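Below is one structure, written out as structure tokens; the observations come after it.
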Amino acid sequence: MVPPRPEPRELTLPRPFNLRSEARHAAAVEAAAAAAAEAEAAAAEAARFHARELPRLDRVFVPQESGAPLTVPMSVVLATEGRAMTRGEFDAAVAEKARAAEDARRVADAAREAAEREEVQRLRRTLAPRATPMPDFSRPFMAMPSGRKLTHPVSPKFGRKGGKRGRGE
């Protein structure tokens, strides 16, 4: 036996969500649209041609007098002038120093040459020529044997030092 068929249920009707974030989104979209419209209006106003006012040709142009005092020229003091004076003093000091060094060198050279001349004169006075004495031929020359031991020749050691092969002996 077959059970009876159940009765059909009613369909579920969806209810919309009322979220606060959707309301904020809608407000933000409206504000962005308003800002874009305002920016577009400002750009259109900036792009619109604005002509200047035509000059009036019925009267002659007369410039306004200034109330400021006239410019009085002043003498210019350049740093190069002071630098040139300082450099001149420095160059003079360097030249004086070089002259003093040259004078000191000349005095030292003169003193050294005078000392050399005095030394040569003293040596000439002290070094008198003396004759070499004659050898004595009264007794004949006899060669004397030396008291040193004779040298014994040793064969040189050709070969490697150390290692397994050849000890250099």
Side-chain angles (χ1 to χ4, degrees), residues 1-127 156-168:
M1 171 142 218
V2 176
R5 181 176 255 189
E7 292 185 17
R9 294 184 185 178
E10 290 183 23
L11 295 175
T12 306
L13 296 174
R15 286 184 299 176
F17 293 104
N18 292 326
L19 299 175
R20 285 183 295 208
S21 62
E22 288 180 356
R24 283 196 312 260
H25 174 68
V29 168
E30 287 177 15
E38 188 178 318
E40 188 176 322
E45 178 63 26
R48 193 169 65 82
F49 179 72
H50 297 286
R52 290 189 196 162
E53 187 179 317
L54 286 175
R56 294 184 59 185
L57 301 176
D58 57 340
R59 60 189 164 114
V60 178
F61 172 74
V62 178
Q64 295 178 356
E65 288 190 21
S66 174
L70 295 176
T71 304
V72 178
M74 295 171 41
S75 63
V76 179
V77 179
L78 299 176
T80 54
E81 295 170 1
R83 175 80 175 108
M85 291 172 47
T86 307
R87 182 62 189 203
E89 293 170 3
F90 173 75
D91 288 343
V94 168
E96 180 62 30
K97 196 173 190 181
R99 272 194 299 276
E102 181 68 23
D103 292 343
R105 188 185 57 78
R106 274 196 227 115
V107 168
D109 287 347
R112 185 176 37 81
E113 288 176 6
E116 286 178 3
R117 279 193 300 259
E118 289 177 9
E119 182 69 20
V120 167
Q121 288 175 357
R122 188 183 61 77
L123 284 175
R124 284 183 180 159
R125 274 189 246 119
T126 58
L127 296 176
K157 297 180 179 179
F158 295 118
R160 296 184 195 166
K161 293 186 177 182
K164 290 183 180 178
R165 290 192 263 162
R167 297 247 177 208

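Start at 1 with the first residue, then count along the sequence. Keep in mind that this is a model prediction, so the values were computed, not measured.
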Legend entry - With sequence neighbours excluded, residues passing side-chain contact (heavy atoms from CB on, under 4.5 Å) with R9: none

Legend entry - Test: D109 and R106 ion pair at under 4.0 Å: no

Legend entry - Point-to-point distance, once rounded to the nearest 0.5 Å, from NE2 of H25 to CD of E30: 10.5 Å

Inset, instruction - Could you tell me whether R112 and E116 have a side-chain N and a carboxylate O separated by less than 4.0 Å? - result: yes

Legend entry - Atom CD of E119 with >12 non-hydrogen neighbours under 6.0 angstrom: yes

Legend entry - side-chain contact (heavy atoms from CB on, under 4.5 Å) partners of R59, counting only residues at least two apart: R56

Legend entry - Separation between OG1 of T126 and CD of Q121, rounded to the nearest 0.5 Å: 12.0 Å

Legend entry - Between CG on residue L54 and CZ on residue R52, distance to nearest 0.5 Å: 11.5 Å

Inset, instruction - Inspect the contact between E102 and R105 and indicate whether a charged nitrogen and a carboxylate oxygen are less than 4.0 angstrom apart. - result: yes

Inset, instruction - Name all pairs fulfilling the salt bridge (charged side-chain N to carboxylate O under 4.0 Å, His left out) condition that reach into residues 81-91, sequence neighbours left out, sorted by first residue then second. - result: R87-D91

Legend entry - Neighbour count >12 (heavy atoms, 6.0 Å) for atom CD, E45: yes

